[in-house]
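Comments concern the structure below.
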Amino acid sequence: MKIATFNVNGINGRLVRLLEWLEEARPDVACLQETKTQDANFPHAALKDAGYGAIWSGQKSYNGVAILARGREPMEVRRGLPGDPDDLHARYLEAMVDGVLVASLYLPNGNPQPGPKFDYKLAWFARLHAHARHLLEQRVPAVLAGDYNVVPTDQDIYNPASWLDDALLQPESRAAYRDLLAQGWIDAIRDRHPEDFTIYTFWDYLRNRWPRNAGLRIDHLLLSPDLRARLVDAGVDRDVRGREKASDHAPAWVVLR
DNA sequence: ATGTCGAGCAAAGCTCGA
């Protein structure tokens, strides 16, 4: 069972690229972020034609998440992260697929920091901690996949020097990510590639960052502890970032036995 | 500060968020 996460940066603007990748990579489940469209304009018919059932949670212009499942319909179990009824951002969706609970999450970017956007990021992280702990208590196999907007360590970026003031590298952001791992969640890519410090999932459009491989690892798949024994592979479809009209993110994935 | 995208608004370049 292959589960992927991909920040598409506009699902309608990238639809050709998304369909191309689905056909090549053939994930059983694909968690998408930054669909950037309201629900009425989500391209579910094109995805269905490509063989994927889908659930989606969007809003106009910003954010938006979805879960695709090959050859079946994802069974939605949660829409929105609990803990703040006033938070209307479309950033969290959960489904059951083949006995695995899969979440597609888009954690707030948090820039500029300090400020209200960074406060929102940390508050969202705190809500994620509470919910993630709840999921572990349920003892259901679970994968929390998405754009976490956190570079976990200095080994997960080409060079931290020009990002030191960025919300993605702040000690508070990193501590929040570490706290998830401390609950027992497994960072699948790092688990499978403990010594490879050139794995990235995001390359900014600015400043020639793709051609010089100036990337960051910010898209993560966190596995519940019971899935460790089923983890057989994990990786990043790096070449996707180099194509025409590419998203600034590349898909990351795991294969579970 | 730089400079690159998608999307919205509205009809061409601007603004916003990333």
Side-chain angles (χ1 to χ4, degrees), chain A residues 5-21 30-44 46-47 56-66 81 87-92 104-125 128 145-152 156-170 172-174 176-177 200-220 236 238-252:
Chain A
T5 182
F6 187 13
N7 179 324
V8 293
N9 190 11
I11 193 168
N12 287 310
R14 315 267 187 221
L15 188 56
V16 171
R17 285 284 95 94
L18 173 62
L19 295 172
E20 175 184 75
W21 167 72
C31 299
L32 308 181
Q33 300 86 34
E34 282 207 87
T35 53
K36 292 187 172 180
T37 186
Q38 49 200 330
D39 288 342
N41 296 334
F42 186 86
H44 57 96
L47 292 165
W56 57 94
S57 170
Q59 63 182 89
K60 195 185 277 188
S61 297
Y62 308 119
N63 309 317
V65 288
L81 186 63
D87 181 4
L88 301 178
H89 289 199
R91 295 183 178 275
Y92 191 89
S104 178
L105 66 92
Y106 178 47
L107 215 132
N109 174 292
N111 280 305
Q113 74 79 32
K117 291 189 173 183
F118 192 61
D119 296 341
Y120 172 58
K121 176 179 197 156
L122 297 181
W124 207 95
F125 238 134
L128 182 60
D147 178 356
Y148 282 74
N149 270 313
V150 177
V151 175
D156 299 299
I157 182 169
Y158 66 103
N159 179 356
S162 53
W163 294 82
L164 292 176
D165 292 331
D166 196 282
L168 279 58
L169 276 75
Q170 291 314 296
E172 297 94 328
S173 306
R174 288 177 161 181
Y177 186 78
Y200 309 129
T201 65
F202 165 82
W203 296 258
D204 203 309
Y205 291 122
L206 279 59
R207 305 179 184 104
N208 215 31
R209 288 209 159 110
W210 167 251
R212 59 196 183 90
N213 195 26
L216 290 67
R217 193 173 73 92
I218 60 175
D219 299 271
H220 308 298
V236 175
R238 186 177 190 290
D239 59 299
V240 168
R241 177 61 180 83
R243 298 178 180 175
E244 282 293 308
K245 300 274 285 179
S247 168
D248 42 3
H249 295 249

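Proteins get letters first, then strands, A, B, ... in listed order; numbering begins at 1 in each.
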Review point. Using a cut-off of 4.0 Å between protein heavy atoms and nucleotide atoms, how would you tag nucleotides 4-9 of chain B 5' to 3' with B, S and -?
Key: BSSSSS

Review point. If you look at every strand shown and take non-hydrogen atoms under 4.0 Å, does A:F202 touch a base, only sugar-phosphate, or nothing?
Key: nothing

Practice item. Can you tell me, in whole Å, how much space there is between the C1' of B:dG6 and that of B:dA1? Key: 23 Å

Exercise for review: Determine whether A:T37 and A:I11 make a side-chain contact, defined as any pair of heavy atoms from C-beta on separated by less than 4.5 Å.
Suggested key: yes

Check your understanding: What's the CH2-C1' distance between A:W203 and B:dA18, to the nearest Å?
Key -> 17 Å

Check your understanding: What is the distance, rounded to the nearest whole Å, between atom CG of A:N111 and atom P of B:dG17?
Key -> 12 Å

Review point. Who are the side-chain contact (heavy atoms from CB on, under 4.5 Å) partners of A:A167, not counting sequence neighbours?
Key: A:N111, A:Q113, A:F118, A:K121

Review point. For atom C1', what is the distance between B:dG3 and B:dA18, given to the nearest Å?
Key: 13 Å

Point to revise | Atom-pair distance (CG on A:N109; P on B:dA18), nearest Å | key: 5 Å

Review point. Nearest-Å distance, CZ (A:R91) to C1' (B:dA18)?
Key: 10 Å

Review point. CD of A:Q59 versus P of B:dG17: gap in Å, rounded?
Key: 11 Å

Exercise for review: On the 0 to 90° scale, with breaks at 30° and 60°, tag the A:H220-A:Y148 ring pair as parallel, tilted or perpendicular.
Suggested key: tilted

Exercise for review: Would you please say whether a donor-acceptor pair under 3.5 Å links the side chains of A:N213 and A:Y200?
Suggested key: no

**Study point:** Backbone of A:K245 reached by a side-chain donor or acceptor of A:R14 within 3.5 Å
**Key:** yes

Check your understanding: Expressed in angstrom and rounded to an integer, what is the separation of A:L168 atom CG from B:dA18 atom C1'?
Key -> 10 Å

Point to revise | Whole-Å distance separating the CG atom of A:N149 from the C1' atom of B:dG17 | key: 11 Å

Check your understanding: Got a donor-acceptor contact below 3.5 angstrom from the A:Q170 side chain to the A:L164 backbone?
Key -> yes

Check your understanding: With rounding to whole Å, what would you report as the distance between B:dT15 and B:dA10 at their P atoms?
Key -> 14 Å

Point to revise | Check: A:R91 side chain, A:N63 main-chain N or O, donor-acceptor pair, under 3.5 Å | key: no

Revision key, fill the gap. From CG of A:N7 across to C1' of B:dG17 the rounded distance in Å is 12 Å

